A.B. asks: 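Before we start, here is the structure in question, set down as structure tokens.
Since the model is a prediction, treat every value here as computed from it, not as a measurement. Residues: numbered from 1 along the sequence shown. The basis for the numbers below is simple: all heavy atoms, side chains too, and nothing from hydrogens, waters or symmetry mates.
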Amino acid sequence: MARAWLDAQWRRPGSLGAKLLLILTGVGLLGSIAITLLLASVITPSFNQLEAAAVDAHVERTRAALAENITKVESAVRDYGDWNSSYDYMANPTRAFEQESFSTLAMANLHVNGMAYVRNDGGIVIARWIDLGSQADAPAMRTRLIDRIGAIDLKAVLKARNSAAFYARLGDSVAAVGVAQVRRSDGTGAPRGYVLMVRQITSQQLSTLLQLSARLDPAQADKPVLTPSRTQMTIAVPILGPDGHGVASVSFVVPRDVSTLGTRMLILAIVGSTVLLVLLLIVLSRAIARLVLAPLNHVERHMQAVTASGALSLLRAEENRHDEIGSLGRSFNKMLSQLKDLREQLEVQSFALGKSESAVAVMHNVRNALNPISTILSRGLADAPPADKALIDRALGELARDDTPPARRQKLAAFLAAAIGAEDAARADRAAQLKTGREAMQHVLEIIGTQQAQAHERPPLDTCDVTELIAQNATIARYSGETAIAFDFPARPWPVMANRIILSQVIGNLFGNAAEAIAAKGSGAGSIRVTIDEADGVVTITIRDDGEGFSPEVAATLFQRGYSTRAHKSGGLGLHWCANSMNAMEGSLRLASEGKGRGAAATLTLKAPIAYAHRHAA
């Protein structure tokens with residue numbers, strides 16, 4: 001239930017959880033974007049540099065292979081240039097030299113396709129081209145070779161050197177061309193011309209030379225051309241001619257392992273950092289939910305429970321924490337304790353004030369009702385008799401004599417008649433006043449009876465914690481006398497339906513009686529043990545002491561008004577009032593003891609809040 005509440009708090013707009021979730025989400029997105037940009041700015045350029053270095057290495061290796069190839073051709077043609085036989089042949093061409101030095105076997109051993117001797121003026125002395133595969137002459141290629149020789153300034157190619165090598169285009173073919181001046185073997189003598197050797201380059205030869213799958217590309221470029229794709233890169237390295245411009249290209253494809261590795265590493269780093277960031281945010285959100293939102297939820301639910309029940313019970317869960325939440329809980333508990341103390345004082349003062357006001361009101365009403373009686377009594381005491389009794393007695397005496405003249409007798413009779421009439425009128429007036437006084441007295445009795453009836457009405461019942469009342473009164477009873485008393489009662493709250501003030505007075509009175517019983521036993525110390533049970537919606541509270549106890553025969557008289565087992569005491573807020581108060585709260589009070597010196601037990605029963613609510617709902 002708490003987890004569902006927390007999830008609802010995360011989703012509820014405007015809540016602290018929703019705001020924290022929004023902040024964490026924003027931080028996560030910004031962090032993910034920042035990490036992505038950081039990794040991309042570090043990893044991508046680094047791997048691009050590695051890939052560029054690898055491409056440069058391929059280009060340099062290709063150039064080195066091409067340079068090595070023409071170096072071999074140059075070395076071979078230099079041997080023919082610095083040779084006495086070549087020097088003599090240029091002065092006097094002979095068939096024998098041509099059959100020996102220009103033979104198919106000689107050219108095959110030199111791995112060249114074409115050879116030619118050229119005079120200083122550019123005239124061709126001899127030229128030959130063979131197919132190394134079939135070892136047969138190729139007249140078409142011989143013609144191309146001669147045309148190409150005529151288009152090349154051999155003197156400019158040599159640049160005052162004895163020999164040189166370069167690549168040239170022969171139609172659709174590309175060949176490595178070596179050229180050397182024809183001199184004597186010791187290098188002396190004026191050069192009599194040039195000797196050329198041509199080695200045709202094929203895609204297969206390039207693949208063997210570069211140790212990878214390469215092909216000869218007729219495309220002409222002066223610089224390497226890179227054509228990248230997602231997984232591989234096509235590299236075209238130019239084959240430079242004697243003028244420094246490309247005559248063809250060596251094209252080969254290499255996988256982009258470094259770039260692919262960099263991309264994968266970048267993706268892995270981004271995914272890993274994002275997952276780590278998400279996990280961190282999840283852990284952080286859970287930590288916030290557990291350390292902040294859950295305690296706040298506990299405080300909120302406790303406040304709702306306090307609002308619903310009215311019982312100012314303390315918040316127990318956060319007291320042991322030493323952070324801000326724990327400080328908040330302790331401050332909240334101090335506030336609840338102060339409110340509870342103030343409410344108890346207010347309840348006691350209100351109870352006392354209510355009784356005082358009720359008594360004042362009753363006395364005021366009684367005084368108003370007694371005023372007529374006082375007036376009647378005062379008037380009756382103040383009124384003089386209607387006729388003087390001495391005059392009446394003398395008149396009666398004269399009438400009783402026989403010598404009283406008739407005229408006098410008549411006057412005396414009239415006087416007596418008037419006196420008797422006045423007395424009757426006075427008696428009737430007193431009877432009317434007494435009737436009025438009786439009615440006022442009945443009004444007083446009605447006021448007193450009404451007050452007594454109201455005093456015996458059932459007090460309002462609310463949910464209260466009996467454990468809290470026991471703890472409060474136990475503290476008072478423990479220090480109320482000189483006897484050391486140990487208390488044992490449950491620690492958990494036990495809600496009951498009762499009037500808090502009256503129930504507290506009942507428990508305090510029972511504790512006071514138990515403390516007096518322990519002191520009367522004379523042991524100097526004792527214990528009071530309280531147990532609470534609940535069954536069928538009824539809470540049973542049993543208060544046992546190890547005091548002097550009482551005989552089972554007197555158990556029935558303990559609840560009589562004014563009865564006390566103490567010889568020096570009588571009346572007071574005794575068991576009679578406690579029993580009536582428990583009955584007024586729809587409960588009961590029973591006393592039991594196994595005999596003198598064996599302690600006593602007081603059993604209180606009250607309705608549990610749920611059972612009480614169900615009974616009234618029915």
Side-chain angles (χ1 to χ4, degrees), residues 63-130 132 135 137 141-170 173-201 205 209 239-245 247:
R63 287 174 175 172
L66 293 174
E68 182 182 1
N69 185 50
I70 62 174
T71 299
K72 291 180 179 179
V73 175
E74 182 180 359
S75 177
V77 78
R78 187 184 300 116
D79 291 339
Y80 268 66
D82 294 338
W83 189 21
N84 292 334
S85 297
S86 295
Y87 194 77
D88 294 339
Y89 173 76
M90 291 298 292
N92 183 22
T94 61
R95 184 68 179 172
F97 181 81
E98 292 176 356
Q99 290 178 350
E100 180 183 357
S101 300
F102 270 67
S103 65
T104 301
L105 179 61
M107 294 178 67
N109 289 335
L110 291 173
H111 298 287
V112 294
N113 298 91
M115 290 182 62
Y117 277 92
V118 182
R119 288 189 293 268
N120 288 329
D121 58 1
I124 302 298
V125 179
I126 185 175
R128 188 182 182 190
W129 187 281
I130 65 171
L132 292 178
Q135 294 189 356
D137 289 327
M141 292 300 299
R142 178 179 178 275
T143 302
R144 292 177 182 175
L145 174 61
I146 293 173
D147 294 340
R148 185 60 180 161
I149 292 174
I152 298 175
D153 186 359
L154 297 179
K155 185 177 182 180
V157 170
L158 288 175
K159 296 179 181 179
R161 292 178 299 173
N162 183 39
S163 63
F166 56 89
Y167 286 98
R169 188 76 172 265
L170 301 176
S173 301
V174 178
V177 180
V179 60
Q181 291 179 336
V182 178
R183 300 181 304 175
R184 293 188 180 92
S185 298
D186 57 1
T188 61
R192 291 178 176 177
Y194 306 94
V195 59
L196 285 84
M197 290 186 180
V198 182
R199 180 180 295 174
Q200 186 178 2
I201 302 298
Q205 290 174 344
L209 192 64
I239 301 176
L240 301 179
D243 56 356
H245 296 289
V247 297

A.B. asks: Would you indicate whether the side-chain heavy atoms of V179 and I152 approach each other to under 4.5 Å?
C.D. replies: no
A.B. asks: Looking at V77 and G178, what are the two nearest heavy atoms and their distance?
C.D. replies: CG2-O, 3.4 Å
A.B. asks: Okay, side chain of S86, backbone of V182: is any donor-acceptor separation there less than 3.5 Å?
C.D. replies: no
A.B. asks: Which atom names give the shortest non-hydrogen contact between I124 and A127, and what distance separates them?
C.D. replies: CG2-CB, 3.9 Å
A.B. asks: Do L196 and L145 have side chains that approach each other closer than 4.5 Å (heavy atoms only, starting at C-beta)?
C.D. replies: no
A.B. asks: Please give me the minimum heavy-atom distance between G189 and R184, naming the atom from each residue.
C.D. replies: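 Here G189 and R184 meet closest at CA-NH1, 3.2 Å.
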A.B. asks: Flag the pair N113 / V198 as yes when at least one side-chain heavy-atom distance between them is below 4.5 Å, and no otherwise.
C.D. replies: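 They are not in side-chain contact.
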A.B. asks: So Y89 and R192, do their side chains get closer than 4.5 Å, heavy atoms only?
C.D. replies: no
A.B. asks: Could you tell me if the side chain of D137 sits less than 4.5 Å from the side chain of R142, heavy atoms only?
C.D. replies: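 No, side chains not in contact.
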A.B. asks: Any donor-acceptor pair under 3.5 Å linking the side chain of N84 with the backbone of S185?
C.D. replies: yes
A.B. asks: Could you list the residues that satisfy ring-ring contact (aromatic ring centres under 6.0 Å, His included) with F102, not counting sequence neighbours?
C.D. replies: Y117
A.B. asks: Would you say W83 and S101 make side-chain contact, with heavy atoms under 4.5 Å?
C.D. replies: yes
A.B. asks: Measure the CG-OH distance between D186 and Y87 for me, rounded to the nearest 0.5 Å.
C.D. replies: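 Nearest 0.5 Å value for the CG-OH distance: 10.0 Å.
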A.B. asks: For the CG atom of N69 and the NE2 atom of H111, what is their distance to the nearest 0.5 Å?
C.D. replies: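 That separation rounds to 11.5 Å.
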A.B. asks: Shortest non-hydrogen contact from S173 to Q200?
C.D. replies: OG-NE2, 3.0 Å
A.B. asks: Here's a test for you: under side-chain hydrogen bond (donor to acceptor under 3.5 Å, both in side chains), which of E74, R183, R78 qualifies with N162?
C.D. replies: R183
A.B. asks: Grab the two heavy atoms, one from A176 and one from Y167, that are nearest each other, plus how far apart they are.
C.D. replies: CB-CE2, 3.6 Å
A.B. asks: Which residue pairs pass the side chain to side chain donor-acceptor pair (under 3.5 Å) test when at least one of the two sits in residues 143-161, sequence neighbours left out?
C.D. replies: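 Listed by first then second residue: nothing to list.
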A.B. asks: V157 and P242: which non-hydrogen atoms are nearest, and at how many Å?
C.D. replies: CG2-CB, 4.0 Å
A.B. asks: Could you tell me if the side chain of Y194 sits less than 4.5 Å from the side chain of I149, heavy atoms only?
C.D. replies: no
A.B. asks: From the options D79, V177, V112, select the one residue that forms a side chain to side chain contact (heavy atoms under 4.5 Å, CB included) with M197.
C.D. replies: V112
A.B. asks: Does any non-hydrogen side-chain atom of L110 lie less than 4.5 Å from one of R199?
C.D. replies: no
A.B. asks: Main chain of L105, side chain of N109: is a donor-acceptor contact present, judged purely on distance under 3.5 Å?
C.D. replies: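 Yes, because the side chain of N109 sits within donor-acceptor range (under 3.5 Å) of the backbone of L105.
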A.B. asks: Using the rule given for salt bridge (charged side-chain N to carboxylate O under 4.0 Å, His left out), can you reason through D121 versus R119, listing the C-alpha separation, both sets of side-chain angles and the distance that settles it, and then say yes or no?
C.D. replies: CA-CA 5 Å; D121 58 1; R119 288 189 293 268; 3.7 Å; yes
